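Every chain is numbered from 1, with letters handed out A, B, ... down the list of sequences. All figures in this text were calculated on a predicted structure; none of them were measured in a lab.
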Amino acid sequence: MIEWNEVLVQRLDAPLRTWFVEQSLWSDRMVEPSWQETRKEFEGELTLVLFGPAKGAGVKPELLAAMLEPFWPTLTLENGSPLIRSVRLVGGFLNLGLSYEYWRQRWSLGYDLTHVSIHGNLNHEATRERSKIVLEYSSPNTNKPLHLGHVRNNLLGDSMYRILRSLGHEVMRVQVVNDRGIHICKSMLAWQKFGNGAEPNTSNVKGDHFVGHFYVLYEKTFQAQVEEAVAAGLTREEAEASAPILQEARTMLQQWEHSDESVVNLWKKMNAWVYEGFDITYERLGIGFDRNYYESQTYLLGKNLVEQGLVQGVFRKDEKGAVWVDLQDRGLDSKILLRSDGTSLYITQDLGTADQRQKDWPFDQMIYTVADEQNYHFKVLFATLEKLGFAWASRCYHLSYGMVDLPSGRMKSREGKVVDADDLMDEVQVLAEAKMGESEKLQSMGMDERKELALQIGLAALKFFILKVDPGKRMTFNPEDSIDMQGHTGPFVQYAHARIASMLDRVEGQEKVFQVKDESEPWTLDPNRSWLSAELDLIRQFSQFIPAVNLAAENHNPAHVADFAYSLATAFNRFYHDCPVLQESNAETRYFRIGLCKQTRFLLRDSLDLLGIKAPERM
RNA sequence: GGUCCCGUAGCUCAAUGGAUAGAGCAACUGCCUUCUAAGCAGUAGGUUACUGGUUCGACCCCAGUCGGGAUCACCA
């Protein structure tokens with residue numbers, strides 16, 4: 001609550017503490033005064049909670065409130081006008097209404113901060129440091145298309161990138177592409193066996209889906225072989241271990257690791273197909289990266305670190321030759337870092353990749369956006385990096401998010417129970433277009449423009465739906481009704497923006513009639529004018545933007561920004577309903593309200609941008 | 001079994017230890033001759049899984065119980 005802090009510390013909290021001392025009410029037992037926003041149903045904007053201080057002072061809250069009465073008028077703004085408009089005691093809560101002059105100034109400040117562009121502009125506090133942050137997200141396997149789980153990952157990563165960047169941090173977006181391993185060989189093998197030389201182009205299938213199809217073929221064949229062997233009398237475990245097609249896949253992995261030319265060529269060819277498909281999906285989703293790491297290149301990197309750890313004596317080698325790290329002093333178990341045959345594991349690769357990133361671009365902080373099923377893995381990874389003596393290990397953070405469930409339960413790739421990312425985007429676009437069809441004002445739109453707008457609205461629904469949920473929590477995604485366009489949704493916020501855009505267009509068109517004031521000029525609005533509650537609520541919302549972004553950054557939670565955008569849109573809709581703007585006859589009031597609209601528009605656009613959501617001019 | 005996470009309206013989600021636990025969806029009632037009705041206003045819906053404890057004050061912190069999930073591979 002940065003904005004509130006400024007108010008409190010400079011204008012209220014410090015003088016209040018001084019007053020307590022002067023009144024000899026301050027003692028060791030004194031509880032810190034606590035401030036909060038006044039709830040909407042009461043008059044006022046700022047609330048002092050009196051329970052604590054009253055107890056510390058040894059009086060009842062009611063008495064303390066009475067004692068404070070002469071104190072409030074002593075608080076003034078720089079120009080000498082009063083800061084406090086009203087004082088109301090409700091229970092132990094002292095609700096303060098701040099003067100309209102205060103809010104007028106507050107608003108002007110907020111305006112300057114945001115009206116140009118938010119990119120890197122919100123970090124206006126000199127005390128706040130700007131960091132170099134490596135942000136990892138996505139990191140898919142190259143054997144199947146992206147699904148809903150990846151979508152949550154990508155949206156979180158992308159939004160965190162936008163939020164951190166807006167605060168002035170330098171952010172390097174990275175992913176590590178899991179482009180090697182037995183799972184990749186499985187789809188390669190299936191293509192070799194069943195593909196008959198088909199390619200994505202010739203079969204008119206998007207590359208990642210094309211390859212994913214063969215991965216599914218592999219699984220089917222594998223299952224059939226297992227069933228056959230079980231029928232022949234083997235246990236399921238034996239059958240799975242000895243399935244011929246699995247043997248072939250393992251052989252292929254061996255060949256890959258020995259750089260067998262034909263296998264490597266096949267691998268390159270099929271991965272290229274997948275990347276082509278991924279590019280289309282990322283592009284459509286609006287996601288990008290600054291640097292890619294490939295597991296095929298990094299999987300060996302960790303071995304040197306393991307050697308180093310052995311030399312340092314922080315790792316140990318067992319009699320079979322496997323290398324372990326003992327993390328029991330940190331409440332974790334022992335973890336194997338290198339197989340007895342000397343080959344590397346997932347964590348070996350992660351150690352190497354982390355070190356490589358620090359060397360490539362020395363960061364202050366590294367954030368891994370990875371599902372919470374890997375919570376333990378990251379505890380182990382960070383602890384192991386610390387054992388190796390890397391100071392930056394303590395500045396690594398696992399942005400853990402919950403799985404996305406379907407109404408029928410958990411998604412299962414192997415059972416085909418997944419929501420495909422491309423299909424999902426198609427679906428939301430179609431839904432949005434259907435909704436647009438009901439609107440007469442969009443009938444004149446060209447086909448391409450129409451499709452583009454439908455995608456913007458559909459994606460807004462999808463992104464907002466996912467980002468408004470606390471990342472740490474599991475969420476349920478019901479394809480039937482999850483993508484609403486009404487109520488607490490992305491399109492709701494977009495709609496408020498489009499309404500303003502449309503209104504301001506008229507202002508531009510009639511500039512001679514409605515001269516919008518230069519924002520840098522002080523308002524000449526009558527200071528004694530009493531404001532409508534819809535006007536004040538709107539300005540109160542303005543002041544929450546930067547606190548919301550800061551909170552989102554601190555908690556790695558874009559939901560705070562989504563909350564802000566929704567609250568602002570709600571406040572605007574009420575204002576729009578209650579207060580005439582262009583139709584207002586009083587010129588000063590009209591200018592004032594046009595200004596409110598402009599500021600609302602900037603903040604809606606900027607907060608949507610932080611969520612990776614477009615703000616259409618009309619809809 | 002050990003460790004960690006979760007349990008809030010019919011559904012999906014909110015709530016820095018503070019006020020009468022809030023939104024949206026679904027249901028019901030009003031409001032388009034007026035700047036975009038993807039909107040606004042209203043009704044109804046709760047023993048915050050349960051039991052104790054700490055506190056002036058607990059959805060929030062602590063202990064336990066029940067229910068759900070994740071993880072504990074020489075997998076990724």
**Student:** Using a 4.0 Å heavy-atom cut-off across all strands, classify F93(A) as base, sugar-phosphate, or nothing.
**Tutor:** base
**Student:** For RNA chain B, determine which residues of residues 334-342 of chain A have any heavy atom closer than 4.0 angstrom to one of its atoms, and list them numerically.
**Tutor:** I336(A), R339(A), S340(A)
**Student:** Students often get this wrong, so: under 4.0 angstrom with heavy atoms, is T343(A) touching a base, only sugar-phosphate, or nothing?
**Tutor:** nothing
**Student:** Using whole Å, report how far CG of D333(A) lies from C1' of C4(B).
**Tutor:** 13 Å
**Student:** How would you list, by chain and number, every residue that makes a ring-ring contact (aromatic ring centres under 6.0 Å, His included) with F564(A), sequence neighbours excluded?
**Tutor:** F545(A)
**Student:** Hey, could you give me each pair passing side chain to side chain donor-acceptor pair (under 3.5 Å) that has a residue in residues 179-189 of chain A? Not counting sequence neighbours.
**Tutor:** D179(A)-S296(A), R180(A)-E257(A), R180(A)-E295(A)
**Student:** Produce a footprint string for nucleotides 22-37 of chain B: one letter per nucleotide, 5' end first; B if the base is under 4.0 Å from any protein heavy atom, S if only the sugar-phosphate is, - if neither.
**Tutor:** SSSS--------SBBS
**Student:** Decide whether D350(A) and H377(A) meet the rule of one side-chain donor and one side-chain acceptor closer than 3.5 Å.
**Tutor:** yes
**Student:** Under a 3.5 Å cutoff, is there a donor and acceptor pairing between the side chains of N573(A) and R499(A)?
**Tutor:** yes
**Student:** For Y401(A) and N153(A), does a side-chain donor sit closer than 3.5 Å to a side-chain acceptor?
**Tutor:** yes
**Student:** So that I can tick it off, tell me whether E219(A) and K144(A) are bridged by a salt bridge, with the cut-off set at under 4.0 angstrom between side-chain N and carboxylate O.
**Tutor:** no
**Student:** For F42(A), answer base if it contacts any base atom (sugar-phosphate contacts may also be present), sugar-phosphate if it contacts only those atoms, and nothing otherwise; contact means non-hydrogen atoms under 4.0 Å.
**Tutor:** base
**Student:** Quick check on side-chain contact (heavy atoms from CB on, under 4.5 Å): which of I466(A), N557(A), L611(A) does S159(A) satisfy it with?
**Tutor:** L611(A)
**Student:** Please say whether more than 12 non-hydrogen atoms of neighbouring residues, nucleotides or ligands are located less than 6.0 Å from NZ in K417(A).
**Tutor:** yes
**Student:** List the residues meeting side-chain hydrogen bond (donor to acceptor under 3.5 Å, both in side chains) with R330(A), not counting sequence neighbours, and say none if there are none.
**Tutor:** E386(A)
**Student:** Compare side-chain N and O positions of N573(A) against OP1 and OP2 of C40(B) and report whether any pair is under 4.0 Å apart.
**Tutor:** yes
**Student:** Runs of at least three consecutive Watson-Crick or G-U pairs, both distances under 3.5 Å, are what I'm after; which ones involve RNA chain B?
**Tutor:** B:1-7 with B:66-72, B:10-13 with B:22-25, B:27-31 with B:39-43, B:49-53 with B:61-65
**Student:** Contact class for F492(A) vs. all strands (heavy atom < 4.0 Å): base, sugar-phosphate, or nothing?
**Tutor:** sugar-phosphate
